[in-house]
Amino acid sequence: MGEQGSDGGRETEKPTEKAPVKKKSTASATGSASTSASTSASTSTTAKKGARAPGTAGAKPAAAGKPAKAESRTALVRRARRINRELAEVFPYAHPELDFENPFQLVVATVLSAQTTDLRVNQTTPALFAKYPTPEDLAAANPEEVEEILRPTGFFRAKTRSVIGLSKMLAEDFGGEVPGRLEDLVKLPGVGRKTAFVVLGNAFGRPGITVDTHFQRLVRRWKWTEETDPDKIEAAVGALFSKSEWTDLSHHVIWHGRRICHARKPACGACPIAPLCPAYGEGETDPDKARKLLKYEKGGFPGQRLNPPQAYLDAGGRPAPPLDAA
């Protein structure tokens, strides 16, 4: 927008160079400059108005593109917290998208979710937990039978070793119960900090930040941090928010990444936080085209869970189909 206004100013100056009457040319130049300034101001005002209404055709948020100057720490904290508040309004029903009924099912499902979708895990675990409902049952399982059940999740041999191994440790070292401490959880085979925080936050109500691929991508797009190491991302982002917000923050960011701010083609024109995003314009900005990119319930499609919370269903969400559905 600014470039158009500048070009317009140069164009109005050209006739004054060869104008036959000096007084008229001066008046003309003055009038043209006034018109150009007015046009530029009007364009700037329009751009600012457009920033407050993401999804409007042709409107580009004022925050889009590289900032004119470095963002202060205070400004970053305010922007980050505002983004979280906006996402909380968009996804008030955000929740962990793995089906589980107890901490054991959640830790197993989270381990299985590596390198696959939560949907695929949710379609696979009903058969697993029906046959092996407790850590003791899974610890004593025939690995080949477990592999066959887990085959749809990919990397099924490694995942079988992990879930049988963690089940044995739970049975032998923790009395068959999933521990509620980070330092104990990360000792379990296949369980790292990300998995541990999923379990702590959603099975025990203890705050934690889940740094999955969606979370990593979005916080860098939003310039919350330039870090690439998950542990450093966790520390950097955690410092922007109060600890009590960490678990819900994780849900909000991950849901936004899955539904709107995709890796390859983000739906910028349908994004509710476009005015706050430095990366606006990396994806489709046309509102109609952007809306066609929305996924899951935002695009009218089923979500990831076969048995989602009632709040999700009340908000119009649809449960995913089972694995053997046509």
Side-chain angles (χ1 to χ4, degrees), residues 1-6 40-41 43-56 58-91 94 194 197 207-285 287 290:
M1 290 289 190
E3 290 177 359
Q4 292 177 358
S6 176
S40 178
T43 302
S44 175
T45 301
T46 301
K48 289 180 180 178
K49 289 181 179 178
R52 295 186 179 89
T56 304
K60 185 176 181 180
K66 295 181 179 179
K69 60 181 180 180
E71 187 175 36
S72 70
R73 175 70 180 181
T74 300
L76 170 60
V77 171
R78 288 175 177 170
R79 182 170 62 85
R81 293 183 178 183
R82 185 178 170 191
I83 285 176
N84 188 40
R85 289 195 301 271
E86 296 283 346
L87 293 181
E89 293 184 7
V90 177
F91 306 111
K194 184 195 84 169
F197 280 131
I209 293 178
T210 304
V211 184
D212 72 350
T213 54
H214 300 287
F215 194 95
Q216 293 183 48
R217 180 178 75 252
L218 266 63
V219 298
R220 286 199 294 269
R221 271 182 180 167
W222 296 336
K223 305 299 182 185
W224 288 5
T225 179
E226 296 295 333
E227 299 290 353
T228 56
D229 177 76
D231 290 351
K232 292 181 179 179
I233 291 174
E234 176 195 323
V237 174
L240 301 175
F241 297 88
S242 63
K243 192 172 182 178
S244 62
E245 296 181 274
W246 287 356
T247 299
D248 284 341
L249 168 71
S250 299
H251 292 325
H252 298 154
V253 175
I254 292 169
W255 274 56
H256 189 62
R258 284 176 170 167
R259 286 152 176 76
I260 299 175
C261 194
H262 312 134
R264 295 184 180 178
K265 203 168 185 181
C268 293
C271 179
I273 59 165
L276 302 170
C277 181
Y280 175 86
E282 287 185 7
E284 180 58 66
T285 57

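Owing to the predicted nature of the structure, the values given are computational and were not obtained by experimental measurement.
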ask   = What is the distance from atom CZ of R81 to atom CG of L249, rounded to the nearest 0.5 Å?
value = 10.5 Å
remark   = Taken in chain and number order and not counting sequence neighbours, the residues that satisfy side chain to side chain contact (heavy atoms under 4.5 Å, CB included) with R78 are T74
ask   = Looking only at heavy atoms, what is the nearest atom pair of A270 and A290, with distance?
value = N-CB, 3.5 Å
remark   = The reported gap from CG in L76 to CG in L240 (rounded to nearest 0.5 angstrom) is 5.0 Å
note = So the side chain to side chain donor-acceptor pair (under 3.5 Å) pairs with at least one residue in residues 238-254 (sequence neighbours excluded) are N84-H252, N202-H251, S242-S244, S242-E245
message = Could you measure the distance from the CD atom of E282 to the CZ atom of R264? Nearest 0.5 Å is fine.
response = 15.0 Å
query = Who are the salt bridge (Lys or Arg N to Asp or Glu O under 4.0 Å) partners of R220, not counting sequence neighbours?
reply = none
task = Would you sort out whether C261 and H214 count as a side-chain contact (heavy atoms from CB on, under 4.5 Å), showing the intermediate values?
result = CA-CA 9 Å; C261 194; H214 300 287; over 6 Å; no
ask   = R259: what forms a salt bridge (Lys or Arg N to Asp or Glu O under 4.0 Å) with it, not counting sequence neighbours?
value = E97, E297
Closest non-hydrogen atom pair between A274 and C268, with its separation = CB-O, 4.2 Å
task = In sequence, state the C-alpha distance, the side-chain angles, and the governing distance for V211 and K194, and then conclude on side-chain contact (heavy atoms from CB on, under 4.5 Å).
result = CA-CA 6 Å; V211 184; K194 184 195 84 169; 5.5 Å; no
query = Could you state the interatomic distance from CG (L276) to CD (E86), rounded to the nearest 0.5 Å?
reply = 6.0 Å
Within-4.5 Å side-chain heavy-atom neighbours: P266 and R217 = no
request  = Hey, could you give me the OG1/CD1 distance between T210 and I254, rounded to the nearest 0.5 Å?
outcome  = 5.0 Å
query = Can you pull the salt bridge (Lys or Arg N to Asp or Glu O under 4.0 Å) pairs that have at least one residue in residues 265-277, sequence neighbours excluded?
reply = none
task = Tell me, with the steps shown, if I209 and F215 meet side-chain contact (heavy atoms from CB on, under 4.5 Å).
result = CA-CA 9 Å; I209 293 178; F215 194 95; 3.6 Å; yes
message = Listing request: all side chain to side chain donor-acceptor pair (under 3.5 Å) pairs with a residue in residues 222-239, at least two apart in sequence or in separate chains.
response = R193-E234
note = NE2 of H256 to NE2 of H262, rounded to nearest 0.5 Å, is 9.0 Å
